[in-house]
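Presented below is the structure to which this report refers.
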Amino acid sequence: MRPALNRAIFAQRVWDSGALTVLATLVHVFDEAGDYEIFVRRGEAIVHRVTLAVGRDGAPRQLDLDLAALPGDDTRCGCEGGDGYAISEPGLVSFHVSRGAGAYSVRVQRRTERHKEWVLDSAESIPEGDLFAVVLVRPGVYAVADKVSGAEARISVELPRGERYRMDEPAMVELQKGFDPSELRVLAGRAVVFRCQDRARIGIELADETATVSS
Amino acid sequence: MAHVTVAVNESAFQSSLELLKRSFRFAAADSGDFGPFRLGYDVEAHLEGGTVDLRADNTFELKELDVRWSRLKVKLGLDIPSMCVGGGCIDLPWPLPDFCLPRWCLFEADPDVSIEPDLAAFVAQEVSLTGSLVVRYFDVTVPPPAIDPCALLRVVPPPPNNRWNIHLDPQTIDLDLFDFPDIVGNLFEDGLTSVIEALIPGGIVRDLVLVIVGSVADLIRDILDIPDEIDEWLSDFFNVSFGLHDLLLQVVGDFFSSCNPLYGIDDPLEILPATSTLIPVRIPIANVAVRNDANEMIIEADVGA
Amino acid sequence: MAFTAQCDVFGSVHEDGLNLVVGHLMRQRPSLFNYATQALADHPERLCEEVEVAQEVTDAGDPLVHVVEPIPIIGAAVPISLNWCLQFRRVAVDFHPGNAIDLPPELGSLPEQRVALALQACVGLQCLGRDVIADLLPGIEVAAVAKRGRDDRRKPRPPIVPPVRDRDMRCFCLGVYAIGHFEWGAIGSTTTQWLKVRIDGLEIVDIQPRGLESAIECYVADVLQLGLLPRLSTPIEKIALDITSLLRKAGVAIGRQVSLVPTPLSATLAHNPAIEGDELKAFADLVITPPL
């Protein structure tokens, strides 16, 4: 059997935390118990909504939502029925896109007995305390910029030939009045995780593809 | 004193055995699913060479008989494990839990590949038999067994009449174990490298796949879960798991012993054929005995009353 | 010394075994040893001697005798023929050294490489009774007188063969002794080698006058040499109990022809076939074409 190659992994060169695509992950920290509702948009359309209970006893600490695999489409939200989700308090929900060319954003609303408030609108920005991760596959130099603070960073991605290494060793970058570190070298296929201590909107772009496989 | 004596010298005995041996064919095929890999074989063998020695102690020895493979295909199917990027977990400060990142896999489903090299040119085994000659009486009125082990081994169909058969009765049969040489490992690696390269486009994609997979040899060993070289692993599979060595031993033994008598004497023996108006003339043969010394095989028989 | 010191395949048959074979042959193929006219074939109880026959011959309905033409009464104006029979019985063989058959002095002692043959030849001839002759005579006299002075140009008509009645047959048996040998040879254009029996001398005991004995001996020898013995030629494979039959079939399976040929004579093989020690011995070589 010759299965299809997931071409988006190699085609993606630009990422924006406001429009989630393949290889990008947004992690929202839920540190207050309560009832929430998650709205998923692709472009302008809401393609999915689901409830989330935070702080239920025995609930998992991490929930992963693949935005490309949720029920629903451009015409309806796919929210009929279902029990919703539950996580612990504090808990983490990650939003990622497994395949395809779509760009997604997420809004999260907290509901109380008296009012409701938006706690996350990824299209606008990443709130303080959240994380944004990208897996960089193509070798080269990537330019990183935060539209909110104007901070910049550079990431060099290398693909050593003939050398076997683990993919599951992510690198951490802190964003607080600037990226730390601002210059980073990682091996192709590994994730770079930005921990946002300030509100941010992060963009990454493959700036220089001439830096190819190192010998 | 016996009424009739027939003797065959060692050279003619050797020719007799050669005539029989050249019709020997062994063919077998089987496969098994072992989880991450599938292994099968499709083989065909014949016999070459060999010399027979009639011994003074009423035994014979057939030695240096080679099992030659005209086809020894080994079909190896592997499930290439998931090749993915990303993943791993990050340590977040308390009270936050650690977070584990998702992975993106290069293929939408795990690919499987298979190769089917023919290793016939690389394997040969030697067989030797020792035993004695025996007489067995074939009674045509006895119904054949429900499952006939000689169905595929018989060179000459069973006769339509009773017959005294002279059989080789091996007491010992030695057959070399399957022992694949080092080159077999190279054949497998080269074969799998080719199919994997055909599966993925060149350039960065292949470079990335090879980084994830490592060398094809490492991949094979990981999937097959073997610490040894592929050739040793394959030898064990043939000898033990598939039981092909024992099967071949059984078949060689049956071919020469129970399935194909070397000589036969019809009972009764026709001495004048039938004509259009007369039945044939047949004489009963009794008390057939066989023995051999270092020079010849000797058959003694009586004419029945 | 090994049986196969000078050959690939050796076969021998002891005279005791061959005598058993002859017994089977006589019982299973009686028409080789019993000759009679149709009337006697239809009434075998009127033959000179009872025919010993195997059950399978009776079950198959095979004939007991080989039918021959009746003997004409010479000179009869109307053709008349008589029933008769010739039966060979008590056939025995004795290989050199001769110790089972006492040969008549005329044949001397059994030479080396020779086989002695003893048998009884029983002959029966129909003798017409007076009443039968009395019935036939008027017609014969008429025919005899009618033919005087003229050639009879008419097509001869089938003879009258009077039926055989009880006590019509006049029988006698003669003791026949012969010395012979065996030799290999082809028959026709086939490549198979056959074992053939040849008669070297024959003696019938005590017939007078000598000329009668000599004539009868000659006739019996002709019957044996030209009648009976050619039908008993044996292909070479049978001497070895046809053990090569499986080899021939195995050979066919791989495109080979397997045959036996007599081993050529040499300094170490003086006789082939050989008769010695009360046995007939055959020496053969195994030939595989094309060679393995």
Side-chain angles (χ1 to χ4, degrees), chain B residues 1-23 155-157 159 163-166 260-275 277-285 288 293-305, chain C residues 1-21 23-25 27-29 31-32 54 56-57 59-63 231-232 234-235 238-256 258 278-279 281 284-286 288 291-292:
Chain B
M1 184 176 188
H3 290 154
V4 181
T5 301
V6 177
V8 176
N9 73 1
E10 192 173 68
S11 168
F13 190 85
Q14 166 96 31
S15 298
S16 307
L17 210 58
E18 184 70 25
L19 283 166
L20 197 60
K21 181 199 78 183
R22 292 207 182 182
S23 287
V155 175
V156 175
R163 192 168 70 191
W164 296 94
N165 285 327
I166 311 294
N260 291 293
L262 204 52
Y263 305 105
I265 302 169
D266 286 340
D267 176 38
L269 179 70
E270 184 178 289
I271 57 169
L272 273 187
T275 69
T277 53
L278 301 172
I279 60 172
V281 176
R282 296 189 174 123
I283 55 170
I285 303 294
V288 177
D293 57 27
N295 300 309
E296 58 198 5
M297 174 197 75
I298 301 153
I299 300 170
E300 290 171 333
D302 288 333
V303 176
Chain C
M1 190 167 73
F3 293 114
T4 55
Q6 289 110 15
C7 64
D8 290 339
V9 178
F10 168 88
S12 72
V13 57
H14 190 272
E15 63 193 24
D16 293 345
L18 190 57
N19 280 317
L20 286 171
V21 171
H24 286 295
L25 186 59
R27 285 188 296 277
Q28 294 182 38
R29 196 59 67 87
S31 56
L32 261 185
E56 49 266 38
V57 174
D59 293 343
D62 279 6
R231 296 175 187 266
L232 300 178
T234 305
K238 298 294 179 186
I239 309 305
L241 294 177
D242 209 13
I243 63 166
T244 54
S245 64
L246 281 179
L247 298 181
R248 288 198 298 278
K249 289 173 186 165
V252 165
I254 59 167
R256 296 294 199 286
V258 177
D278 292 330
E279 289 183 314
K281 300 176 181 176
D285 291 331
L286 188 68
I288 298 172
L292 289 169

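Below, read A as the first sequence line, B as the second, and so on, with proteins coming before strands; counting in each chain starts at 1. Fair warning: this is a prediction, and the values are worked out from it, not measured in the lab.
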Legend entry - Contact winner vs chain B - C:Gly17, C:Ala250, C:Ser12, heavy-atom pairs under 4.5 Å: C:Ser12
Legend entry - Option among C:Thr4, C:Asp8, C:Ile243 that satisfies the side-chain contact (heavy atoms from CB on, under 4.5 Å) test with B:Val8: C:Ile243
Legend entry - Minimum heavy-atom distance between B:Gly264 and C:Ser245, given as atom pair plus value: O-OG, 4.1 Å
Inset, instruction - Step by step, work out the side-chain contact (heavy atoms from CB on, under 4.5 Å) result for C:Thr234 and B:Ile271. - result: CA-CA 8 Å; C:Thr234 305; B:Ile271 57 169; over 6 Å; no
Inset, instruction - Give the minimum heavy-atom separation between C:His24 and B:Gly304, together with the two atoms involved. - result: NE2-O, 2.6 Å
Legend entry - CD1 on C:Ile288 to CG on B:Leu19, rounded to 0.5 Å: 4.0 Å
Legend entry - For B:Val281, the option from C:Leu25, C:Leu32, C:Val57 that meets side-chain contact (heavy atoms from CB on, under 4.5 Å): C:Leu25
Legend entry - Toward chain B, the part of C:Ser31 with a non-hydrogen atom under 4.5 Å: side chain
Legend entry - Residue among C:Ile239, C:Val9, C:Leu20, C:Leu247 with most heavy-atom pairs under 4.5 Å to chain B: C:Leu247
Legend entry - Side chain / backbone / both / neither for B:Leu278 at chain C, heavy atoms under 4.5 Å: both
Legend entry - Gap between atom CD of B:Glu18 and atom CD1 of C:Ile254 - 0.5 Å precision: 7.5 Å
Legend entry - chain C contact via B:Ile166 - which portion, at a heavy-atom distance below 4.5 Å: neither
Legend entry - Criterion side-chain contact (heavy atoms from CB on, under 4.5 Å) on B:Arg282 and C:Glu56, from CA distance to verdict: CA-CA 11 Å; B:Arg282 296 189 174 123; C:Glu56 49 266 38; over 6 Å; no
Legend entry - Interchain contact, B:Thr277 with chain C, by part (heavy-atom threshold 4.5 Å): backbone
Inset, instruction - Identify which part of C:Leu292 has an atom lying under 4.5 Å from any heavy atom of chain B, answering side chain, backbone, both or neither. - result: both
Legend entry - Which of B:Val155, B:Leu272, B:Leu20 touches chain C most, by non-hydrogen pairs under 4.5 Å: B:Leu272
Inset, instruction - Provide the closest heavy-atom pair for C:His14 versus B:Ala2 in the form atom of the first, atom of the second, distance. - result: CB-O, 4.1 Å
Legend entry - Contact winner vs chain B - C:Pro235, C:Gly251, C:Ala2, heavy-atom pairs under 4.5 Å: C:Ala2
Inset, instruction - Heavy atoms only, distances under 4.5 angstrom: which of C:Leu232, C:Leu241, C:Thr244, C:Asp16 has the most pairs with chain B? Name it, please. - result: C:Leu241
Legend entry - Heavy-atom contact with chain C under 4.5 Å, split by part of B:Ala294: neither
Inset, instruction - Identify which of B:Pro268, B:Ala7, B:Pro159 forms the greatest number of heavy-atom pairs closer than 4.5 Å to chain C. - result: B:Ala7
Legend entry - B:Pro261, part contacting chain C, at a heavy-atom distance under 4.5 Å: both
Legend entry - CD1 on B:Ile299 to CZ on C:Phe3, rounded to 0.5 Å: 12.0 Å
Inset, instruction - For residues C:Leu286 and B:Ser16, report the shortest heavy-atom separation together with the two atoms involved. - result: CD2-OG, 4.5 Å
Legend entry - Straight-line distance of B:Asn165 CG to C:Leu246 CG, nearest 0.5 Å: 6.5 Å
